[in-house]
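Everything numeric here is computed off the predicted structure, so don't read it as measured data. Below, read A as the first sequence line, B as the second, and so on, with proteins coming before strands; counting in each chain starts at 1.
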Amino acid sequence: MAMESGLNVFIGAVTEEKTPTAQIAKKLLAIPGIESVYELTGELDILIQVKSPSVSKINEILEAIRATEGIEKTTTYLVLDKHVKN
Amino acid sequence: MAFSKVLVLDTTLREGEQAPNIVLSAGQRIEIGNALSEIGVDFIEIAPIVGEDAVKATKELMASANNSKTKVIAHGRAFEADIDILRKCDVEWGAIFLSTSQLHMTNKLHLDEAGVLKRAEETVTYAKQHGLKLRFTCEDATRTDNSFLRKMIAVIEGAGAERISITDTVGASTPEQFGAKVKETVSFTKKSEIDVHCHNDLGLALPNAISGLQNGATCVHVTINGVGERSGIPSLAETVMALKLLYKVPLQIKTENLTPLSNMLTKFTGVRTDPFKPIVGENAFRHKGGTHLAAVLSKSETYEVFSPESVGNTRRLVLGEYSGKNVLKYLNEALGMNMTEDMLKKHLKKIKGKKGDLFEFEL
């Protein structure tokens, strides 16, 4: 197994009802380091994928996400391993 | 043993370019030369005799070195034609070399002792007549009989050479032998100073060079990443850090530039350094063992003799079957993941079930 370089995390966010999620997603994508943003159904409204070489950089991105208007709460999920179809 | 003084000469642009696949354009030579000047080495050695590109690079380095303590030294063979090329580059310092061991004189130069002494005297005199400060390199000095070395030094010093380089050309000395050679050579000299140029064929280049400095030499030859003929010579990074940290030599070198400089050479040449290379290698600050990681996260000095920041490198932690527990606990807190003890245990079990390392990251 080849060792991956850097941290790969998903950040789940719950948003305020008054702000459209598409509008929040657009703002989130402007934050450097955010790879992709998904709008979801279910307990989480938005899932954000972040890749970075360092913990400190991920924390900077987390702070920027939490400071984004419409974000109510976040939870961080660390990717331990990835499986893809060949 | 004490050091009298220590000058650092980087010869990446001469010795380094004699290594396979180390090929640099004029622009890259200038970029490396400027970076060496910025880091603070005392001499940059370059070989303008290899072609017009190298002449151009030498001239440009001379122009940009005007405001720096770093001196450019142009290297060639002990021929008047080579000295003419060095002069064309407007350098203050030149360096010429000639073999002094019986083996080299017989098999390479096809000259006897008198012929070698004559050529040395004529070429040094020619260089001095044309205003160059000069270093004369006794090639294969460690396999040269001391009585002949004494004669050679009398001749080249008499002709005006300011510096004499003592070489372990094939890396065949022990530190004790090399130190003794330098000590003996110093005793032959009247006013010239000694350089040490040690090859790494048996992995002893740096200890040999340090032994030479402890025995009276005042200038050590190095290259970025230790590149050079065959197994190369001491690396700039290892030499500087060993001298500063272990021998307390007050070198004025910007050590935080060491890893970026190593990476610059790799980028220009495509020749990657061994991950286990001290100071600048990918593994130099990569921690994996569980107990090591816990200790490093608590106090980095536990497993680091100097910080990665001090040499421009990066500390990395590896998450895998060896290190899961401590790294996962650290990440849980650092990223505010709020995993409970039960969740941590569950995930650790998953990690332990996988073979090898999953990923690495910086703090």
### Query
Is the CD atom of A/E4 crowded by more than 12 outside heavy atoms at less than 6.0 Å?
no

### Query
Do B/L328 and A/L80 have side-chain heavy atoms sitting under 4.5 Å apart?
yes

### Task
State which residue, out of A/S5, A/P53, A/S52, A/S56, fulfils the side chain to side chain contact (heavy atoms under 4.5 Å, CB included) condition with B/E362.
A/P53

### Task
Could you tell me which portion of B/R286 (side chain, backbone, both or neither) has an atom closer than 4.5 angstrom to a non-hydrogen atom of chain A?
side chain

### Message
Taking atom CZ as the centre, does B/F359 end up with more than 12 heavy-atom neighbours from other residues, nucleotides or ligands that are less than 6.0 angstrom away?
### Response
yes

### Query
Are B/F361 and A/I58 side-chain neighbours, meaning at least one heavy-atom pair lies under 4.5 Å?
no

### Query
Taking all atoms of both residues into account, what is the closest heavy-atom pair of A/N59 and B/A334, and its distance?
ND2-O, 3.0 Å

### Query
Among residues 7-23 of chain A, which ones touch chain B with a heavy-atom distance under 4.5 Å?
A/L7, A/V9

### Message
Quick check: under 4.5 Å, non-hydrogen atoms only, which of residues 335-353 of chain B neighbour chain A?
### Response
B/L335, B/M337, B/H347, B/I351

## Note on the structure
CE (A/M3) and CZ (B/R316) are apart, to the nearest 0.5 Å, by 8.5 Å

#### Entry: Sidechain-backbone polar pair: A/D81 side chain, B/L358 backbone, donor-acceptor under 3.5 Å
no

### Heavy-atom neighbours of B/R230 CZ exceed 12 at 6.0 Å
yes

### Query
Given that the side chain runs from C-beta out, which part of A/L62 has a heavy atom under 4.5 Å from chain B: side chain, backbone, both or neither?
side chain

